[in-house]
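Please read the structure below before turning to the comments.
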Amino acid sequence: MTAQVTKLRSDAQDNRMRILAAARMVFATKGPDVPVREIARRAQVSVATVYRHFPAKETLFTEAFAEQLALCSSVIEEGLAETDPWRGFSLVVEKLLEAHALDRGFRAFVAQLPQAFDIAGDRERALRLLLELVRRAKESGDLRADFVFEDVVLAVMANDGIRAETPAARAAASRRFAALMLQSFRANPVPAPLPPAVRLPIAAR
């Protein structure tokens, strides 16, 4: 009996992992409106099995991207912990853009977040923290007064266009791009050396 129960638990865990892997892939390519049956098909389980593990699609999205949401929140909290508001703001921009360049799951999470579900309030909390970081940087006089949150969104969208052959090259290119963005965000830009340039492919049109 014990062996049978253990096997059932192991099978259930395998199903759960397959569902989460399929959900990450499908949400990344088709967005949060994808039918649950498509996720079930990719995971090779029944729709009923999906709902047994995840009673609502919102719950599935939350758990599929839990790691990415935790990373986003921890980076912002790290920025707020900095005593220098500009340094905290810069740290967040640099780390979020680098994570975005390196992690396909993080790119998918960020791309779908604006139109996705209200994931248990965590999204709103992260947004509040980021806006607090922006407020502090503006009050210190370092961040330009006309900066808006959508400027971060623009930077992330542009960062998504980085094409490089290796993860190291993508990270290096993202660091240089972040430095350029931070120069444009600063109220009174201070000339500083940029990170090394990276040779990137130029797509033919």
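Counting begins at 1 with the first residue of the sequence.
- Residues Val156 and Leu200 are members of separate hydrophobic clusters, defined by side-chain heavy-atom contacts under 4.5 angstrom among Ile, Leu, Val, Met, Phe, Trp and Tyr.
- For the atom pair CD (Glu82) and CG (Leu91), the distance works out to 6.0 Å, reported to the nearest 0.5 Å.
- In this structure a side-chain-to-backbone donor-acceptor pair under 3.5 Å is present from Ser74 to Ala70.
- Here the NE2-CE distance, from His53 to Met17, works out to 9.0 Å after rounding to the nearest 0.5 Å.
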#### Entry: Verdict with reasoning, Phe61 to Phe54, per side chain to side chain contact (heavy atoms under 4.5 Å, CB included)
CA-CA 9 Å; Phe61 185 93; Phe54 306 98; over 6 Å; no
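- The closest side-chain heavy-atom distance from Leu129 to Glu77 is below 4.5 Å.
- Using a 4.5 Å heavy-atom cutoff, the side chains of Phe149 and Leu130 are in contact.
- We find the CG-CZ distance between Leu133 and Phe89 to be 7.0 Å, quoted to the nearest 0.5 Å.
- Cluster partners of Leu154 are absent, since no Ile, Leu, Val, Met, Phe, Trp or Tyr has side-chain heavy atoms less than 4.5 Å from it.
- Within the 4.5 Å cutoff, no side-chain heavy atoms of Lys57 are placed close to those of Tyr51.
- Arg144 places no side-chain N or O within 3.5 Å of a backbone atom of Gly141 that could act as its donor or acceptor partner.
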### Message
side chain to side chain contact (heavy atoms under 4.5 Å, CB included), that's the test. Do Ser73 and Ile76 meet it? Break it down for me.
### Response
CA-CA 5 Å; Ser73 296; Ile76 295 171; 5.9 Å; no
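- Note on Val148 and Val92: separate hydrophobic clusters, where clusters join Ile, Leu, Val, Met, Phe, Trp and Tyr whose side-chain heavy atoms are under 4.5 Å apart, directly or indirectly.
- Listed here is the closest heavy atom pair of Ala64 and Ala23: CB-CB, 4.2 Å.
- Scanning for salt bridge (Lys or Arg N to Asp or Glu O under 4.0 Å) contacts around Arg41 gives Glu38, with sequence neighbours left out.
- In this structure, the separation between CZ on Arg24 and CD1 on Ile19 is 11.5 Å, given to the nearest 0.5 Å.
- Classified by interplanar angle (parallel below 30°, tilted 30° to 60°, perpendicular above 60°), the ring pair Phe147/Phe185 is perpendicular.
- Hydrophobic clustering, with ILVMFWY side chains joined whenever heavy atoms are under 4.5 angstrom apart, keeps Val93 apart from Leu194.
- Under the salt bridge (Lys or Arg N to Asp or Glu O under 4.0 Å) criterion, Arg18 pairs with no residue, sequence neighbours left out.
- Under a 4.0 Å N-O distance rule, the pair Glu165/Arg199 does not qualify as a salt bridge.
- Both Val153 and Leu131 are members of a single hydrophobic cluster when ILVMFWY side chains are connected at heavy-atom separations under 4.5 Å.
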### Task
Check the pair Arg16 / Glu63 against side chain to side chain contact (heavy atoms under 4.5 Å, CB included), numbers first and verdict last.
CA-CA 11 Å; Arg16 183 183 179 84; Glu63 295 206 31; 2.4 Å; yes
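- Taking all atoms of both residues into account, the shortest heavy-atom contact from Thr83 to Pro85 is O-CD, 3.3 Å.
- Residue-environment remark: CG (Asn188) stays at or below the threshold of 12 foreign heavy atoms within 6.0 Å.
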Show the atom names and distances, to 0.1 Å, of all donor-acceptor pairs under 3.5 Å that link a side chain in residues 171-183 to residues at least two apart or in another chain.
from, atom 1, to, atom 2, distance (Å)
Ser174, OG, Leu97, O, 3.0
Ser174, OG, Glu98, N, 3.4
Ser174, OG, Asn159, OD1, 3.2
Arg175, NH1, Glu98, OE2, 3.3
Arg176, NH1, Pro195, O, 2.6
Gln183, NE2, Val190, O, 3.2

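- Applying the side chain to side chain donor-acceptor pair (under 3.5 Å) test to Arg135 and every residue at least two apart in sequence or in another chain returns Glu132, Glu139.
- With values rounded to the nearest 0.5 angstrom, Trp86 atom CH2 is found 13.5 Å from Arg136 atom CZ.
- Take Lys138 and apply the salt bridge (Lys or Arg N to Asp or Glu O under 4.0 Å) test, not counting sequence neighbours, and it matches no residue.
- Atoms CG and CD1, on Leu60 and Ile39 in that order, are 5.0 Å from each other to the nearest 0.5 Å.
- If you chain together hydrophobic residues whose side chains sit under 4.5 Å apart, Val152 and Ile162 never meet in one group.
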